[in-house]
Amino acid sequence: MEKNFDHAQQEAAMYDLWEKAEAFNPDRMQTKKKTESGRVKSKQFSIIMPPPNANDPLHVGHAMFISVEDILIRYHRMKGDDTVWIPGTDHAGIETQFVFEKKLAKQGKSRFNFDRDTLYKMIWDYVQENSGVAVDQMKKLGASADWSRFKFTLDPSVVDFVVQTFQKMHDDGLVYRDLKLVNYCTHCGTSYSELEVNHTEQTTNLYYIKYPMADDPNEHIVVATTRPEPIFADQYLAVHPDDSSKQHLIGKKVLNPLTKQPMEIIADSFVDPEFGTGIVKLTPAHDFTDFEVAQRHHLPLVPAIGLDGKILENGGEFAGLKVAEARKKVVEVLEKANLIEKINSQYVNRIGTCYRCGRIIEILPLPQFFIKVKDQKNNLTQKVLDVLDKQETKIYGAGREKILRNWLENLKDWNISRQIVWGIRIPVWYEITGNEEKISVTFINSKGEFQKTATLQKRLDEGYSIDEIKKGLQQVYAPAENHFVVSEKNPGETYLPETDTFDTWFSSGQWPIVTLKTNKENDFDRFYPTTVMETAYDILLFWVMRMMMMGVYLENKTPFAHVYLHGLVRDEKGQKMSKSKGNVINPLEFVNKYGADAVRMALIMSSTPGSDSAVGESKIRGMRNFSNKIWNAVRFILLTLEDESQNHSEKNLDSVKDQAFEKKLNEVVGQVTDQLEKLKVGMAAEIAYNEFWHWFCDECIEEQKKGNLSRDALLKGLITFLRLLHPFAPFVTETVWQELWNNGDEQLKKQLGSKLLIVAEWPTE
RNA sequence: GGACUCGUAGCUCAGUUGGUUAGAGCGCUUCAUUGACAUUGAAGAGGUCAGAGGUUCGAAUCCCCUCGGGUCCACCA
């Protein structure tokens, strides 16, 4: 054996050995053990991998989940459980389309140059080019996932399943289409769920604007607002009903400062009498609170801003201006008319920004598809809360269960429409007959020219056929009340397809079910509910919550028994990694430098669910030393085995020492096993590390050198430790195991029990 | 405003049913070692476990308060 462990030379070979033996596939491996009574014991252990973005290389967070999950999988496989780890990759709808559009932009093109089908195919090809990278990197990290069960989130079988789910939800009355306010990014051209909006603080102007009284234009009231630009569309103001200083205003009318149209003052308790002047203008089409107030009082919804982020035609002289420009101009006009009392320029305000591009999110009314989350018959959130109450799913991660409960209790209906191409098309078709005036379309005509938004009627009048429009279709805008049918295929000549796609989380929310139901025949019955869902805590609400909702809806059962939430990996100083700081750790770079085992150990050791951890090069280097320690312990023991002269020196051994050694060894086995059973992966790794290095190597090997411990005991200890350490450091342990097997006599082989460590038996006390 | 979380060795962090001298990695000091490993070993310095109070035979751990970080949510325009 070489003096040091050469990870670069061994890792790929070991992975190859495992794959050739089909060690990851529970159907091929003998994972069932017979009990004493001769019965087959088939406790299952299953993990569905959180699919990484198919288009991106892995980052350190992925390395973290692979380490944790692979440790659990390897442990249970060795224990003899029916163990499966189902891998996959994600199409990451908005992310990927965003990246692709940037690429198009470099070529001077945009998504408006292509019809839906063409664009979809282009992105598909683009993702295919990159998709091997992530899988390859997972293998480099040692992931013992069953690749024969691999799934991509846009595989036809997945798409079919998701479409059926939507159909079922629609049949059950859980789906509705409605004009609602949505968070819309005019740059990305899509709406977002409330979770996808970042809130940042910003210092803005708070304008105090005079509204003349209708019955006496010399009198006025003052309203404070940060958003003067949609004033032209406002029709109502509000005060608090119990605000004694404002009560005389209720029911009175003022004049709109821009349009001079009369506006009524209503009373609603949402108004804070202490803020501003205690009088609020209502803009129901562009403010969530105002929208709710308007619904309570049955006030009209008058949009002022369009999907392009510009003022609509009803804005008169402001029409066509972008929001920011319009604001400037409105303020100018009001100032000229002497209608601005004062401006507080130091007002700190929270605004929503796009989590993708960082631009300000507009709130716009748009017909979208929603899932009822608190339906009377199918109260999804309540069902999930019940699951938590009954502890059918346990959450590991400090305080995270409370956060989950809090969200479930307050969750609003789920907007699942996204205005992008890269995803699963919502299987809905709009009846067009009679609605040609109300439906708008954008498309590429047969000459390849982009036709911007116009009513269907107008395009038909221009001589375009339905067929031509359909072929080059980009976007359909059907009114909320438009009749539609749910169907994957075209129901007939008189229909146009919905062009929106599902929110990625709608399909990935079904991931544990889809992967099991569209794979090997009995997988679902065999592995559902899965044992552990392991993922980062920052997608607890996006993903874990949705999976639980879909699980209880589709199967009446939670999709997993345990949720292990790992923390964010920070840099050596505990700072958040970011490209701009330049402190991003590329896990594969360190795999090449120090080995996968070292990276895994560094990520796992001293990490605990729910909390962030700090990892830097020095830690990884330290763990590389540990791999080498394992290597050299084996090297030493192999040398002593070859050295026959040592044999007789053991004759008069004090067997009491051996007994003490075995006792302690059993304790270590018990401790590591115990921690793994409790999902305390970090603790398990730490115990195995310390006991191996500082007890077995530092003490026991030295004792053996002095002749105080038998060679047999030491060998037994070594074999036991290799088993214990294998889940954590699979490559080096398997490498030395092969070394032992290939150089060992029959007796040693018998002791090892298995040619491959990966499927060797987990030690018992 | 509500909620959650954290404050342990110079640095980054373990220590979840309260129980003997509080641990690890890296760093630091001194020494050792040409035969498992310098990617090593031995010895050591370094912590009033943020602060005050309470429960207890016993608290880093449970409760209350204070101070100081972090995160999430919320209709204060």
Side-chain angles (χ1 to χ4, degrees), chain A residues 1-5 7 194-195 198-199 204 206-209 223-228 234 237-238 240 268-283 286-293 347 349-350 396-407 410 537-538 540-541 567-568 570-576 594-595 598 601-602 604-640 643 678 680 682-683 685-687 689-690 693-694 697-699 701-702 704-705 718:
Chain A
M1 279 173 89
E2 298 293 321
K3 202 167 163 189
N4 291 326
F5 173 56
H7 64 268
E194 48 184 338
L195 284 167
N198 291 328
H199 293 276
T204 53
L206 183 62
Y207 303 93
Y208 287 75
I209 296 169
V223 174
T225 181
T226 55
R227 297 208 67 176
D234 297 344
L237 303 173
H240 196 283
D268 193 289
S269 54
F270 94 95
V271 180
D272 177 1
E274 303 300 317
F275 185 87
T277 60
I279 309 173
V280 187
K281 76 180 181 72
L282 296 177
T283 313
H286 301 288
D287 184 285
F288 287 111
T289 313
D290 296 0
F291 181 81
E292 277 175 36
V293 176
Y347 181 66
N349 193 14
R350 275 168 68 85
Y396 299 73
R400 304 292 160 183
E401 182 174 336
K402 286 185 187 168
I403 292 174
L404 178 60
R405 284 173 180 275
N406 199 283
W407 265 85
N410 300 306
Y537 66 69
D538 59 351
L540 170 66
L541 304 169
L568 268 42
R570 294 162 177 272
D571 77 359
E572 209 150 7
K573 290 172 192 154
Q575 289 182 312
K576 215 169 175 172
Y594 296 116
M601 283 296 280
I604 289 308
M605 280 267 282
S606 302
S607 86
T608 190
S611 314
D612 297 348
S613 55
V615 174
E617 180 159 1
S618 65
K619 199 165 183 176
I620 301 171
R621 196 188 306 120
M623 292 305 140
R624 185 272 320 265
N625 296 355
F626 180 63
S627 301
N628 194 54
K629 192 74 185 174
I630 297 173
W631 175 264
N632 271 292
V634 173
R635 192 156 82 102
F636 171 76
I637 288 170
L638 268 179
L639 288 176
T640 63
D643 184 2
K678 292 185 197 156
K680 295 190 182 179
M683 265 316 272
E686 199 167 312
I687 293 168
Y689 174 100
N690 280 322
W693 195 321
H694 299 302
C697 293
D698 292 349
E699 291 180 30
I701 289 184
E702 295 309 315
Q704 196 274 339
K705 282 182 190 168
L718 179 75

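In what follows, chains carry the letters A, B, and so on, assigned in the order in which the sequence lines appear, proteins first and then strands, with residues in each chain numbered from 1. These numbers were taken from a predicted model, which means no experiment stands behind them.
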Between [N] ([atom2]) and [X] ([atom1]): distance, integer Å:
X      : N      : atom1 : atom2 : answer
A/F5   : B/rC37 : CZ    : P     : 17 Å
A/F270 : B/rC76 : CZ    : C1'   : 9 Å
A/M623 : B/rG25 : CE    : P     : 8 Å
A/K402 : B/rA3  : NZ    : P     : 11 Å
A/N198 : B/rC73 : CG    : C1'   : 13 Å
A/D287 : B/rC76 : CG    : P     : 10 Å
A/L404 : B/rU71 : CG    : P     : 21 Å
A/D538 : B/rC4  : CG    : C1'   : 15 Å

Which nucleotide, if any, forms a Watson-Crick or G-U wobble pair with [N], using both distances under 3.5 Å?
N      : result
B/rU55 : none
B/rA3  : B/rU71
B/rC49 : none
B/rU61 : none
B/rC26 : B/rG10
B/rC31 : B/rG41

Sequence neighbours excluded, which residues qualify as side chain to side chain donor-acceptor pair (under 3.5 Å) partners of [X]?
X      : value
A/K678 : A/D674
A/Y689 : none
A/E702 : A/K705

Once salt bridge (Lys or Arg N to Asp or Glu O under 4.0 Å) is applied, do any residues pair with A/R405, and if so which ones, sequence neighbours excluded?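 With neighbours one apart ignored, the set is A/D389, A/E401.
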Is the shortest side-chain N/O distance from [X] to OP1 or OP2 of [N] below 4.0 Å?
X      : N      : answer
A/R635 : B/rC37 : yes
A/K619 : B/rC11 : no
A/T608 : B/rG15 : yes

Give, for atom [atom1] of [X] and atom [atom2] of [Y], the distance between the pair rounded to the nearest 0.5 Å.
X      : Y      : atom1 : atom2 : result
A/W631 : A/M1   : CH2   : CE    : 4.0 Å
A/N628 : A/N4   : CG    : CG    : 4.5 Å
A/E686 : A/I604 : CD    : CD1   : 12.0 Å

Taking the [atom1] atom of each, how far is [N] from [M], in whole Å?
N      : M      : atom1 : result
B/rA60 : B/rC6  : C1'   : 14 Å
B/rG27 : B/rC11 : C1'   : 8 Å
B/rU20 : B/rG15 : C1'   : 16 Å
B/rG46 : B/rU29 : C1'   : 11 Å
B/rG7  : B/rG51 : P     : 12 Å
B/rC65 : B/rC26 : P     : 41 Å
B/rU61 : B/rA50 : P     : 8 Å
B/rU56 : B/rA14 : C1'   : 26 Å

Measuring only between side-chain heavy atoms, which start at C-beta, is A/F270 closer than 4.5 Å to A/V280?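 Result yes, sub-4.5 Å side-chain heavy-atom pair found.
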Under 4.0 Å, heavy atoms only, any strand: does [X] hit a base, just the sugar-phosphate, or nothing?
X      : result
A/V615 : nothing
A/F288 : nothing
A/K705 : base
A/I637 : nothing
A/K281 : nothing

Test side chain to side chain contact (heavy atoms under 4.5 Å, CB included) applied to A/T277 and A/Y208, step by step: CA-CA 8 Å; A/T277 60; A/Y208 287 75; 3.9 Å; yes
Closest to side chain of [X], choosing from [options]:
X      : options                : answer
A/M605 : B/rA24, B/rC73, B/rC4  : B/rA24
A/N690 : B/rC75, B/rA24, B/rU16 : B/rA24
A/F636 : B/rC73, B/rA36, B/rC75 : B/rA36
A/N4   : B/rC37, B/rA36, B/rC4  : B/rC37
A/E686 : B/rC76, B/rC37, B/rA24 : B/rA24

I need the full list of salt bridge (Lys or Arg N to Asp or Glu O under 4.0 Å) pairs touching residues 272-281 of chain A, with sequence neighbours left out, sorted by first then second residue.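 For residues 272-281 of chain A: A/D234-A/K281.
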Heavy-atom nearest nucleotide on RNA chain B for A/C697 versus A/I403: which residue maps closer to 5'?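 That would be A/I403.
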Quick one: on RNA chain B, does A/K680 or A/R621 contact a more 5' nucleotide (nearest heavy atom)?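 The residue mapped nearer the 5' terminus is A/K680.
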Please tabulate, one pair per line, each protein N/O and nucleotide N/O from nucleotides 40-43 of chain B that are separated by under 3.5 Å, including the distance.
{"residue": "B/rU40", "atom": "OP1", "partner": "A/N625", "partner atom": "ND2", "Å": "3.2"}
{"residue": "B/rU40", "atom": "O3'", "partner": "A/K629", "partner atom": "NZ", "Å": "3.2"}
{"residue": "B/rG41", "atom": "OP1", "partner": "A/K629", "partner atom": "NZ", "Å": "3.4"}
{"residue": "B/rG41", "atom": "OP1", "partner": "A/W693", "partner atom": "NE1", "Å": "2.2"}
{"residue": "B/rG41", "atom": "OP1", "partner": "A/D698", "partner atom": "OD1", "Å": "3.4"}

